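Note sheet for the following structure.
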Amino acid sequence: MTVYAYAEATSCVQGGALRFHLARASRAPLHGSVLLEDVSADRAVSEEEFDGPLWTFDVPADLPSSLYRAVFTADDDASEVYFVVRAARPRSPILLSIPFPTWQAYNRAGIPGESVYWTEQATRASRVAFDRPGGGPPPERWEEGMLRWLGPAGYEVDYCSGLDLHDGAALLSGYRLLVVNGHDEYWTAGMRDNVEEFVRRGGNLAVFSGNTCWWQFRLEDDGRTMVCYRDAVTDPMATVEPGLTTVEWSSAPVNRPENSLTGVSFRRGAGTWGPYMQLMHEESYTTRFPEHWVFDGTGLGEGDKFGQGCIGYETDACDFVEVDGVPVATGRDGTPPSFVILATADLRHWHRYGQGGMATMGVFGLGAGTVFTASTVNWGNTLRDPAVDRITRNVLDRLSGPPAGWEVIGPAGSFRALTVCDSQLYGVGADGSLYRRDVSGQNLRWHRIDSGGGVVAMATPREASTTRPIGLYGLTGDDRLVYRDPGLQAPWTVLGEAPSGGVGLALVDGDLWAATADGGLWRLPPETAEWTLVDGEAGAIALTAMNGRLYAVCSGDRVRTRLPVAAAAEWGDLCSAAGCTVLTAHAGRLIGATADRPLRWRAPVPDHRAR
């Protein structure tokens with residue numbers, strides 16, 4: 001005598017009602033008890049009775065948003081149904097999605113005609129219903145660790161079903177951060193479109209998950225049927241609207257690698273299955289960018305191991321190469337060029353146990369938002385590890401808060417001048433040498449290429465003119481204006497004299513602008529050799545230009561900006577300088593340095609200030 005139960009939806013709003021359907025294999029009366037449990041808080045909420053094939057739960061308006069389990073018991077038989085209570089109004093900046101589509105995909109795995117698994121079995125189903133028992137978490141409970149950690153760790157979050165994201169643009173608009181957790185493998189086009197647009201508009205995404213967004217599926221029958229052929233030949237949509245074909249997101253005819261959403265993919269990741277699954281507990285991440293904000297407070301150094309067991313049985317990764325011992329994403333697999341690799345795990349030996357590959361933890365910018373990915377299914381179940389705990393807090397705190405300012409892009413160094421030319425960042429070090437590296441958020445190494453020519457400030461024009469070719473312009477410590485062609489080795493050529501005590505240099509529309517230690521702002525037009533004092537009280541200690549504006553680090557550790565007009569003008573306060581004493585700009589970002597502190601960049605936008 002077995003009792004069967006399912007809910008008419010995977011989520012219900014506070015103050016709403018959710019109806020459950022019940023049945024028994026025998027003719028025994030449909031009568032018993034319902035125990036309602038808050039899964040994330042691990043506590044019983046209420047116990048009621050059911051009598052008949054329908055039971056309705058009237059959700060109290062003050063019931064916390066969470067993942068719940070209703071356990072229906074009749075005699076000695078029980079059936080459990082999972083569902084989410086959504087917040088009627090956002091109470092938190094964080095929204096956590098529960099992967100009901102993936103749970104349903106694995107429901108009755110391996111039973112012919114009952115599950116979309118297994119992938120290569122001809123008896124797999126192409127359509128499965130949500131209107132049936134099951135569809136709860138798998139035995140490994142990949143999601144449970146983080147759900148149980150959040151509250152005791154001090155985080156109040158709102159919950160939703162992954163299916164709520166399908167038409168979820170309005171839902172997402174009330175939050176700063178969407179959290180994906182555990183194993184979130186199945187996404188509809190609507191889910192993906194809405195999440196990508198949310199991030200592009202300035203929301204953030206934290207993916208504490210692996211094998212994420214691997215299969216596309218469709219919803220039919222008012223969202224109660226999950227369609228996933230896993231094969232373009234049999235999916236009728238392939239000839240009607242190819243982009244909605246239910247295959248892997250990266251496969252033809254969809255050709256939309258999940259990398260553009262998460263930065264990574266299971267294609268470069270690894271998996272260990274069946275009797276070999278326990279091997280995941282032997283693996284750890286290796287720190288590759290310890291100066292990054294993700295690692296703040298962890299005490300980890302470059303090459304340090306952390307998070308043993310967090311890797312999980314499936315991982316995601318991006319294609320990358322090692323450059324001077326630093327991993328650099330190639331973008332060949334669809335990973336955005338802004339992707340920064342923070343940690344790696346070499347799992348190529350897993351080819352004997354399932355799929356060999358890598359795991360790459362990383363972060364990147366998508367439009368106005370930020371995406372972090374842990375790239376592993378078991379992250380939340382290893383939060384007892386101090387480093388995993390601290391990293392998770394760093395991600396949640398930063399991405400759920402107001403937009404951040406400066407971000408580290410390289411290890412500490414001492415530079416007295418910076419400029420960007422031909423997408424290369426040039427710096428004159430405290431030792432007087434000229435160094436170069438790519439402009440990138442990755443912690444790339446500097447390479448000494450030549451003498452710095454005594455330069456103390458540098459600038460590069462946006463584009464060449466008849467009098468100002470593209471190259472490196474500099475002010476020297478002995479008050480000369482010099483020029484050097486870009487490249488590995490080239491002579492510094494003296495162009496003329498410069499204002500005494502130069503500390504900053506900028507180029508705007510052919511005009512050279514110099515800041516001096518006595519507070520002066522000077523201008524040198526291309527048609528003359530005479531510098532003119534424009535402002536005697538500018539007070540700049542560093543100077544640069546971008547998109548027709550001057551930017552300066554001024555007293556009070558502030559970045560200020562003004563238009564490059566040949567007269568005194570008011571400087572507008574912009575943002576914190578975060579201690580930077582050297583400044584340059586490129587592609588919409590200010591780049592700053594100071595002695596013995598990491599290289600940083602930020603967008604030239606005002607600091608967020610609490611109201």
Side-chain angles (χ1 to χ4, degrees), residues 92-94 96 145-157 176-177 179-181 204-209 263 283-311 326-327 339-345 359-365 370-376 378-413 441-443 557 576-580 592-602 607-608 610:
S92 166
I94 303 173
L96 187 144
M146 176 164 284
L147 302 187
R148 298 278 173 84
W149 174 86
L150 285 165
Y155 294 95
E156 289 189 358
V157 304
R176 284 286 305 144
L177 171 64
V179 173
V180 173
N181 169 41
N204 299 315
L205 174 63
V207 183
F208 298 107
S209 172
E283 307 293 349
S284 303
Y285 261 127
T286 299
T287 307
R288 308 302 299 271
F289 191 170
E291 300 88 357
H292 197 274
W293 60 261
V294 163
F295 293 113
D296 285 351
T298 64
L300 291 169
E302 187 167 345
D304 286 349
K305 301 281 188 179
F306 70 92
Q308 183 172 350
C310 77
I311 296 300
V326 176
F339 191 81
V340 174
I341 298 173
L342 305 174
T344 59
T360 54
M361 178 195 300
V363 65
F364 71 102
T370 298
V371 177
F372 166 86
T373 180
S375 298
T376 167
N378 205 41
W379 182 270
N381 288 325
T382 49
L383 283 160
R384 63 188 178 279
D385 182 289
V388 175
D389 179 291
R390 184 69 264 167
I391 291 166
T392 305
R393 291 176 185 271
N394 289 342
V395 172
L396 294 178
D397 293 346
R398 186 179 180 101
L399 299 189
S400 67
W406 295 91
E407 184 169 349
V408 171
I409 62 171
Q442 193 69 57
N443 55 329
D557 195 34
S576 166
C580 292
T594 190
D596 300 320
R597 293 185 62 185
L599 187 70
R600 286 156 286 169
W601 69 11
R602 66 165 293 157
D607 286 330
H608 176 87

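Owing to the predicted nature of the structure, the values given are computational and were not obtained by experimental measurement.
- Judged purely by atom type and a 3.5 angstrom limit, Arg288 has no side-chain atom pairing as donor or acceptor with the backbone of Thr360.
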Legend entry - Leu96 and Leu150: CA distance, side-chain angles, deciding distance, side-chain contact (heavy atoms from CB on, under 4.5 Å) verdict: CA-CA 11 Å; Leu96 187 144; Leu150 285 165; 3.6 Å; yes
Legend entry - Verdict with supporting geometry, Trp379 and Thr392, side-chain hydrogen bond (donor to acceptor under 3.5 Å, both in side chains): CA-CA 9 Å; Trp379 182 270; Thr392 305; 2.8 Å; yes
Inset, instruction - Please test Thr376 against Met361 for side-chain contact (heavy atoms from CB on, under 4.5 Å), starting from the C-alpha separation and ending with a verdict. - result: CA-CA 8 Å; Thr376 167; Met361 178 195 300; over 6 Å; no
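- Side-chain atoms of Thr594 come within 3.5 Å of backbone atoms of Gly579 as a donor-acceptor pair (strictly under, hydrogens ignored).
- Taking both residues in full, the closest heavy atoms of Gly309 and Asn378 are given as O-ND2, 2.9 Å, listed atom of the first, atom of the second, then distance.
- Counting only heavy atoms from C-beta outward, the side chains of Gln442 and Phe339 never approach each other to under 4.5 Å.
- Atom OG1 of residue Thr373 and atom CD1 of residue Ile341 lie 11.5 Å apart, to the nearest 0.5 angstrom.
- The shortest distance between side-chain heavy atoms of Val179 and Leu396 falls below 4.5 Å.
- Thr287 contributes atom OG1, which lies 13.0 Å from atom NE2 of His292 (distance to the nearest 0.5 angstrom).
- Of all heavy-atom pairs spanning Ala153 and Arg393, the tightest one is O-NH1, 3.1 Å.
- By the 4.5 Å heavy-atom criterion applied to side chains, Ser400 and Tyr155 are not counted as neighbours.
- Of all heavy-atom pairs between Thr286 and Lys305, the closest is OG1-NZ, 3.0 Å.
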Inset, instruction - Assess whether side-chain contact (heavy atoms from CB on, under 4.5 Å) is satisfied between Asp607 and Arg602, documenting all intermediate values. - result: CA-CA 11 Å; Asp607 286 330; Arg602 66 165 293 157; 2.9 Å; yes
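- Taking all atoms of both residues into account, the shortest heavy-atom contact from Ala345 to Ser284 is CB-O, 3.5 Å.
- Taking 4.5 Å as the limit, every side-chain heavy atom of Trp293 sits out of range of all side-chain heavy atoms of Val408.
- Residues Leu383 and Gly145 approach most closely at CD1-O, 4.3 Å, considering heavy atoms.
- Residue pairs meeting the side chain to side chain donor-acceptor pair (under 3.5 Å) criterion with at least one partner in residues 294-304, sequence neighbours excluded, are Glu302-Arg445.
- Residues Phe289 and Val294 fail the side-chain proximity criterion, which asks for heavy atoms closer than 4.5 Å.
- The aromatic rings of Phe306 and Tyr285 sit parallel to each other, their planes meeting at less than 30°, with 60° as the upper class boundary.
- Contact of the Gln308 side chain with the Asp385 side chain is not registered, since no non-hydrogen atoms from C-beta on lie closer than 4.5 Å.
- Note that the CG atom of Leu599 and the CD1 atom of Ile409 stand 4.0 Å from one another [nearest 0.5 Å].
- Annotation: side chain of Asp389 is in contact with side chain of Trp149 (closest heavy-atom distance under 4.5 Å).
- Side-chain contact between Ile391 and Phe208: absent, with no pair of heavy atoms (C-beta onward) separated by less than 4.5 Å.
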Inset, instruction - Report the C-alpha distance between Arg176 and Asn204 in whole Å, list the side-chain angles of each, state the deciding distance to 0.1 Å, and finish with yes or no for side-chain contact (heavy atoms from CB on, under 4.5 Å). - result: CA-CA 6 Å; Arg176 284 286 305 144; Asn204 299 315; 3.2 Å; yes
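- Partners of Ala577 by side chain to side chain contact (heavy atoms under 4.5 Å, CB included), not counting sequence neighbours, listed by chain and number: Val553, Asp557, Val559.
- Among all heavy-atom pairs drawn from Pro598 and Gly410, the shortest one is CB-O, 3.2 Å.
- Listed by chain and number, the residues in a side-chain hydrogen bond (donor to acceptor under 3.5 Å, both in side chains) with Thr382 amount to none (sequence neighbours excluded).
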